[in-house]
Amino acid sequence: MEELMIQVENVAKRYRLGMIGRTTLREEIQRKKAKRRNQEDPTVKIGRETDYSYGDTFLALDGVSFEVKKGEALGIIGHNGAGKSTLLKLINRITAPTEGVIRLNGRVASMLEVGTGFHPELTGRENIYLNGAILGMTKKEIESKMEQIIEFSECRKFIDTPVKRYSSGMYVKLGFSVAAHLDSEIMIMDEVLAVGDVAFQNKCISKMKEVAKSGKTILYVSHNMATIRNLCNRCIVLSAGKKIFDGEVEEAIEHYVTRDFSLNSETILDSLKRPYRTTALTHMKRITYLGGENGVFEMGDILRFQLDWSAKRAFDRMKLRLGIFTVSQIAVGVSFTEDFSVQEGENSEIFSLDISHLLPGKYCLELLMIELDDNESQVKHDVLHKDAVIFEIVASEEKKLFRAVNRDWGHYVLPETKCE
């Protein structure tokens, strides 16, 4: 039987909302009496409304249970507020669970945020000693790893400089290097790879794979699905404080990214938030799929849709740019329409997008209305973010061949190869 490193049994964490300890004992007694009599709060400041709700609670985690074996790299994913960071803090014993039990079999090295445990006035070298001591390492053990830590961090030139003068990138490089090289059986990482440059991120992933193969256990939280795929061999999905999936990485990612993406034949665009500022001379109001059912198309179909928008003036040369993304925000391709004219007021146009070579799955459309001026320069008038409009492609009975396509090949099947 493989050795268990982490056991989480029915763990819950409840937080108290609002201000805590904001009044004296006398004022609290006055508040409770007034509340029982349905009177106004006698301690409330002038101009503010009575509020007795500050004692309400919030359940950040609700009955979460799982086990992690030695040498396993476990990814934890979920939307903001799902309870990921709270879970890591409980495992790291920064705070205690309200209910349930957490058992750890070994020392823990953690990076829950950039530079965790660093003292800004100490140098990089001194902080390596400090972090090692916090993790229970002896001075001799730390010194035996010192050169490896400094070399990996790429901060040798600044290692005797106070870390308060480090950039955020240097902070995370040194912090990760310390956590990865010190002799701990469990490593906990929370979005730490989001700060370093691409080369260092790849270096970190390679190091963490090496660490996992050496028998250490890794818990990794990230919104970057690429790093989850590269590093983890198992994944947990959290939602609203509950564990909703525990299993293979690809299945977990699919469960995570498709959970909140609903399909509709018509999407109202009028009130959707725009991701960045444009001229706003045009404003997209509605998109309606023509064909398919609730935005579901068969592989090989052409996506036809009607777009309705308003314009504050007439335009002679307008284009619609269509970006296609997976629901995990991986870019697949881009297409431009032919030039078309726009009249002042309400407009409507039908467009056809060739999606015949896309593999089965859910996709997002990014819509961008662009005017071309006399110098062929592009002026952006309205834009919709890539998670606003969703469609799905399914394999038909005639396309059984494509059901077994390897996910690692991407999302686009090349046109048929001709024999000469």
Side-chain angles (χ1 to χ4, degrees), residues 77-82 223-226 228-229 237 239-240 244-245 250-276 278 282-309 320-337 348-370 380 382-396 399 402-403 405 407 409-413:
I77 59 178
H79 296 285
N80 291 331
H223 288 286
N224 187 330
M225 297 301 108
I228 291 287
R229 283 189 178 96
V237 183
S239 179
I244 59 174
F245 184 85
E250 284 298 337
E251 289 184 48
I253 292 174
E254 185 74 14
H255 198 87
Y256 163 62
V257 299
T258 61
R259 182 175 174 83
D260 296 327
F261 289 100
S262 58
L263 293 163
N264 299 288
S265 295
E266 181 180 274
T267 304
I268 303 301
L269 312 174
D270 198 17
S271 59
L272 294 180
K273 184 178 179 181
R274 271 50 179 174
Y276 54 84
T278 60
T282 63
H283 188 76
M284 290 178 276
K285 292 188 171 184
R286 181 174 57 249
I287 183 171
T288 306
Y289 292 128
L290 306 176
E293 185 176 349
N294 290 327
V296 179
F297 299 85
E298 288 192 355
M299 189 176 175
D301 283 351
I302 299 296
L303 192 158
R304 295 180 67 249
F305 63 92
Q306 178 177 310
L307 183 66
D308 300 314
W309 73 94
L320 182 65
R321 192 186 81 181
L322 300 160
I324 302 178
F325 296 79
T326 67
V327 288
S328 53
Q329 306 300 296
I330 298 173
V332 177
V334 65
S335 176
F336 289 85
T337 65
S348 182
E349 190 72 51
I350 294 176
F351 300 97
S352 295
L353 175 63
D354 187 352
I355 57 171
S356 59
H357 296 301
L358 291 180
L359 290 172
K362 287 187 177 180
Y363 297 89
C364 305
L365 273 182
E366 180 184 58
L367 304 174
L368 186 63
M369 298 204 76
I370 300 171
K380 299 174 183 178
D382 192 20
V383 60
L384 279 167
H385 202 263
K386 48 183 171 283
D387 58 3
V389 183
I390 313 297
F391 68 92
E392 183 176 9
I393 296 175
V394 295
S396 63
K399 299 282 186 178
F402 298 107
R403 292 183 180 180
V405 170
R407 292 173 186 267
W409 293 350
H411 307 274
Y412 186 85
V413 59

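We count residues from 1, following the sequence as given.
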message: Is there a side-chain contact between Val389 and Tyr289 in this structure, where contact means two heavy atoms from C-beta onward sitting under 4.5 Å apart?
response: yes
- prompt: Which atom pair, heavy atoms only, marks the closest approach of Ile390 to Cys364?
  reply: CD1-SG, 3.5 Å
- request: State, yes or no, whether a side-chain contact exists between Glu349 and Leu307 at a heavy-atom distance under 4.5 Å.
  value: no
message: Checking Glu366 now: which residues fulfil salt bridge (Lys or Arg N to Asp or Glu O under 4.0 Å) with it, not counting sequence neighbours?
response: Arg321
task: Could you grab the distance from atom CZ of Phe305 to atom OG1 of Thr267, nearest 0.5 Å is fine?
output: 11.5 Å
message: Would you call the rings of Phe391 and Tyr363 parallel, tilted or perpendicular, taking 30° and 60° as the class edges?
response: parallel
Considering all heavy atoms, the nearest Ile302-Asp354 contact: CD1-OD1, 3.5 Å
- prompt: Within the distance-only criterion (no hydrogens, no angle test), does the side chain of Ser356 pair as donor or acceptor with the backbone N or O of Gly300 below 3.5 angstrom?
  reply: no
- request: Kindly say whether Met369 contributes a backbone atom to a donor-acceptor pair with the side chain of Asp382 at under 3.5 angstrom?
  value: no
message: Going by salt bridge (Lys or Arg N to Asp or Glu O under 4.0 Å), name the residues that satisfy it together with Asp301, two or more places apart in sequence or in a different chain.
response: none
- prompt: Arg274 versus Leu384: any side-chain heavy-atom pair under 4.5 Å?
  reply: yes
- prompt: For Ser348, which residues count as a side chain to side chain contact (heavy atoms under 4.5 Å, CB included) partner, sequence neighbours excluded?
  reply: Gln306, Asp308
- prompt: For Thr278, what residues pass the side chain to side chain contact (heavy atoms under 4.5 Å, CB included) criterion, not counting sequence neighbours?
  reply: Tyr276, Lys380, Val383
task: List in chain and number order the residues that pass salt bridge (Lys or Arg N to Asp or Glu O under 4.0 Å) with Glu266, two or more places apart in sequence or in another chain; answer none if no residue qualifies.
output: Arg286
query: Are any non-hydrogen side-chain atoms of Leu322 and Leu367 less than 4.5 angstrom apart?
result: yes
- prompt: Can you tell me how far CG of Leu353 sits from CZ of Phe297, rounded to the nearest 0.5 angstrom?
  reply: 9.5 Å
- line: For Ser239 and Ile244 the tightest heavy-atom approach is CB-CD1, 3.6 Å
- prompt: Which residues pass the ring-ring contact (aromatic ring centres under 6.0 Å, His included) test with His283, sequence neighbours left out?
  reply: none
query: Under 3.5 Å, side chain of Thr337 to main-chain N/O of Leu320, donor-acceptor pair present?
result: yes
- prompt: Once you round to the nearest 0.5 Å, how far does CZ of Phe325 lie from NE2 of His411?
  reply: 12.0 Å
